[in-house]
Number of protein chains: 2
Amino acid sequence: MDVQRLLIFREIARTGSIASAARSLGWTQPAVSQHLRHLERQAGTPLVLRRPRGVQLTEAGRALLRHADAIATRVEAATADLDALVQLRAGTVRLAAFPSAGATLVPAAMSLLARRHPGLDVRLREAEPPQALGLLAAGDVDVAVTFAHAGEEPPGTGELARVPIGGDPLRLVLPSSHPSAHPSDTPLDLRALAHEKWVGGCERCTAHLRQACEAAGFAPDIRHGTDDYVLTQALIARGLAVGLLPQLALDAARDPGVAVRPATGIRPRALYVLHHREADQIPAVRSALRALQDTAAGRVPF
Amino acid sequence: MDVQRLLIFREIARTGSIASAARSLGWTQPAVSQHLRHLERQAGTPLVLRRPRGVQLTEAGRALLRHADAIATRVEAATADLDALVQLRAGTVRLAAFPSAGATLVPAAMSLLARRHPGLDVRLREAEPPQALGLLAAGDVDVAVTFAHAGEEPPGTGELARVPIGGDPLRLVLPSSHPSAHPSDTPLDLRALAHEKWVGGCERCTAHLRQACEAAGFAPDIRHGTDDYVLTQALIARGLAVGLLPQLALDAARDPGVAVRPATGIRPRALYVLHHREADQIPAVRSALRALQDTAAGRVPF
DNA sequence: CCGACCCCCAAGCAATACTTATGGCATGGA
DNA sequence: TCCATGCCATAAGTATTGCTTGGGGGTCGG
């Protein structure tokens with residue numbers, strides 16, 4: 001059963017004649033007549049009786065018309081649904097972000113997005129970059145905010161598209177009572193802390209710290225490990241260690257007992273947004289990407 | 001929104017990939033791929049993400065799929081409804097018949113029809129031929145059983161198709177005590193009743209009687225008029241008149257006080273079934289026509 | 001009786017839809 | 001590592017489909 005013809009038949013029934021249906025559809029009368037003929041052949045029975053002033057539906061025609069009406073209604077509903085998604089009056093974006101971004105940049109972007117498109121349902125899930133890749137691959141999130149330290153392989157391959165949205169500088173974090181704690185806005189060389197005890201961040205962050213220290217000529221004495229930046233600062237504030245924390249983490253939460261200084265020779269970690277290669281054609285995803293880029297542009301340097 | 005493509009999309013969603021949908025549809029992969037592309041262009045957003053092992057529906061795709069499922073269900077229901085009508089497991093035929101046929105031939109045909117197609121809803125409405133034409137024209141009945149006396153213009157013109165189903169001989173009806181009442185199976189000449197009082201039937205029947213008598217060389221003394229064949233016979237049985245009644249009317253009801261003889265030189269009235277010219281393509285109508293013809297073949301001579 | 005308005009049919013042309021042929025990409029096993 | 005497999009896309013050619021044009025027949029109302 002050809003559904004397109006069903007809708008043409010509906011127009012015939014609505015207007016009462018083949019000729020008027022043709023006018024209403026912008027076609028010639030034989031075009032509509034042929035469609036009706038095909039439909040009747042498929043149906044195996046006449047759908048209308050040809051009368052001098054138009055057509056009159058047969059029983060089969062009346063039965064078919066009921067279904068055609070229902071189908072037309074559904075088609076209109078489908079069109080309306082799609083329209084709402086395209087114009088962002090409806091829809092969902094599911095974000096994944098690593099903790100320090102999820103506490104700073106991402107909420108700001110989500111708020112921007114909510115202002116731009118109040119109908120959009122934006123959802124956030126916290127995940128470290130490796131897990132975020134899995135979520136993306138499994139289709140559990142649409143967009144993932146990740147990072148890579150300098151020298152690291154940037155995340156995302158093949159399937160996934162990677163959009164750089166800026167850099168996040170790493171800061172040396174010391175107890176505020178530490179002799180090297182000041183002046184806070186001038187860079188400090190890693191070597192000045194070669195003999196300190198260190199606290200490492202997540203696995204990759206700890207590896208990056210170790211690598212940076214080796215490049216500076218020493219092996220750090222890493223005593224503690226946590227990817228919780230509040231915990232890290234608590235350890236530091238109590239004089240138990242020093243650390244290297246990204247600016248975003250410090251923006252998210254700042255222990256009053258720590259001092260922060262730029263580090264010389266340590267390149268910022270790079271921030272990326274990942275999504276499926278074609279997903280940026282999806283309006284909701286595209287708008288989320290824009291919001292993240294716009295937010296990052298005002299927050300983190302490149 | 002192209003509904004046919006919607007159903008193709010549904011197949012993609014069902015099978016999980018474009019290639020498998022193509023196999024399932026008996027097409028090549030690019031054919032389906034192009035349909036999907038067109039659908040996405042119309043939709044204004046991707047409906048699936050192309051993944052290495054197939055496709056994954058986007059939010060818009062999932063929304064569209066729900067509607068596509070509903071539409072497919074409706075299409076199946078429509079097909080099933082049509083099938084039932086074509087195979088006469090369902091459907092309606094509305095008959096009109098003049099009284100004496102409606103009491104004899106038509107009920108027999110209806111009963112035959114009911115045996116052949118138990119699902120069919122057969123309805124009868126009594127109507128004299130002129131009114132039956134109106135009912136047909138108004139679409140209030142599908143089939144009309146009518147008659148025309150010899151020499152009369154047969155009913156039905158243009159719009160309507162006429163199917164002769166036999167002849168209905170006219171009988172002279174006398175009081176059983178009448179001297180000409182016997183022998184009952186030999187024809188009697190009209191002229192033998194030239195000086196009787198007559199009872200006429202319906203308007204056209206009375207006109208026909210007058211004409212037949214004139215052809216026989218006399219003007220009948222028509223005292224009474226009714227199209228009710230029971231009433232007619234009651235008048236005759238009591239000796240108040242003689243009459244000319246069709247065999248069908250006598251089959252329908254027979255007053256024991258009347259005698260019946262064939263009439264010489266009076267041709268039977270012709271029985272016709274009328275329907276809209278194209279309506280015999282409608283299964284229910286066709287089956288009703290067949291049943292009427294089959295019944296008439298065993299009941300009335302041609 | 002004519003004009004208006006239905007409808008159908010046949011033939012021609014243009015748009016659509018499907019096929020064939022080819023290439024890229026990701027995954028999994030030798 | 002490389003090859004085989006299975007997925008998808010693109011491009012070009014062809015075959016079908018679908019619409020138009022130009023006929024003709026019928027019914028109805030002025």
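Letters go in sequence order (proteins before strands), and every chain restarts at 1.
For dC8(C), the OP1/OP2 oxygens have a side-chain nitrogen or oxygen of S33(A) closer than 4.0 Å. Applying the 4.0 Å criterion to OP1 and OP2 of dC9(C), one finds that R37(A) has a side-chain N or O inside that range. Distances shorter than 4.0 Å separate none of the side-chain N or O atoms of R50(A) from OP1 or OP2 on dC6(C).
A donor-acceptor contact under 3.5 angstrom links the side chains of H67(B) and D81(A), judged on distance only.
Here the side chains of L136(A) and L160(A) are in contact, with some heavy-atom distance below 4.5 Å. At a threshold of 4.5 Å between non-hydrogen side-chain atoms, the residues E11(A) and V32(A) do not count as touching. When side chains are defined from C-beta on, R50(A) counts as touching L36(A), because their heavy atoms get closer than 4.5 Å.
Centroid-to-centroid, the aromatic rings of F147(A) and Y272(A) stay 6.0 Å apart or farther.
Atoms NE2 (H276(B)) and C1' (dT27(D)) sit 12 Å apart, rounded to a whole Å. With rounding to whole Å, Q56(A) atom CD is found 15 Å from dC7(C) atom C1'. Rounded to whole Å, atom C1' of dC5(C) lies 9 Å from atom CZ of R23(A). Between R51(A) atom CZ and dC8(C) atom C1' there is a gap of 17 Å when expressed in whole angstrom units. Rounded to whole Å, atom C1' of dC7(D) lies 14 Å from atom CG of L36(B). Rounded to an integer number of Å, the gap from H38(B) NE2 to dA9(D) P is 13 Å. In this structure, the CG atom of L49(B) is 12 Å from the P atom of dC8(D), given to the nearest Å. Whole-Å rounding puts the R41(A) CZ to dT17(D) P distance at 12 Å.
The list of side chain to side chain donor-acceptor pair (under 3.5 Å) pairs with a residue in residues 280-293 of chain A, not counting sequence neighbours, is empty. Applying the salt bridge (charged side-chain N to carboxylate O under 4.0 Å, His left out) test to pairs two or more places apart or on separate chains, those with a residue in residues 84-102 of chain A are R94(A)-D142(A). Among residue pairs with one or both ends in residues 126-139 of chain B, none qualify as side chain to side chain donor-acceptor pair (under 3.5 Å); sequence neighbours excluded.
A salt bridge does not link E59(A) with R62(A): none of the charged nitrogens is closer than 4.0 Å to a carboxylate oxygen.
Residue order along DNA chain C, read from the 5' end via each residue's closest nucleotide, puts G16(A) first among I8(B) and G16(A).
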Give me the distances for all protein-to-nucleotides 12-16 of chain C N/O pairs that come in under 3.5 Å?
none

I'd like a table of atom pairs between the protein and nucleotides 20-22 of chain C - only N or O on both sides, under 3.5 Å - with the distance next to each one.
none

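Checked by atom type and distance alone, the side chain of T45(A) never pairs as donor or acceptor with a backbone atom of V86(B) at under 3.5 Å.
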> Can you give one letter per nucleotide of nucleotides 23-30 of chain C, going 5' to 3': B for a protein heavy atom under 4.0 Å from the base, S for sugar-phosphate only, - for none?
Replying inline: ---SSS--
> Under the salt bridge (Lys or Arg N to Asp or Glu O under 4.0 Å) criterion, do E159(B) and R51(A) qualify, and how do the steps go?
Replying inline: CA-CA 8 Å; E159(B) 273 291 283; R51(A) 309 288 301 271; 2.8 Å; yes
>> Does H149(A) form a side chain to side chain donor-acceptor pair (under 3.5 Å) with R269(A)? I'd like the steps, not just the answer.
In response: CA-CA 4 Å; H149(A) 287 292; R269(A) 61 177 184 176; 5.2 Å; no
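With dC6(C), dC8(D), dT20(D) as the candidates, the nucleotide lying closest to the side chain of V55(B) is dC8(D).
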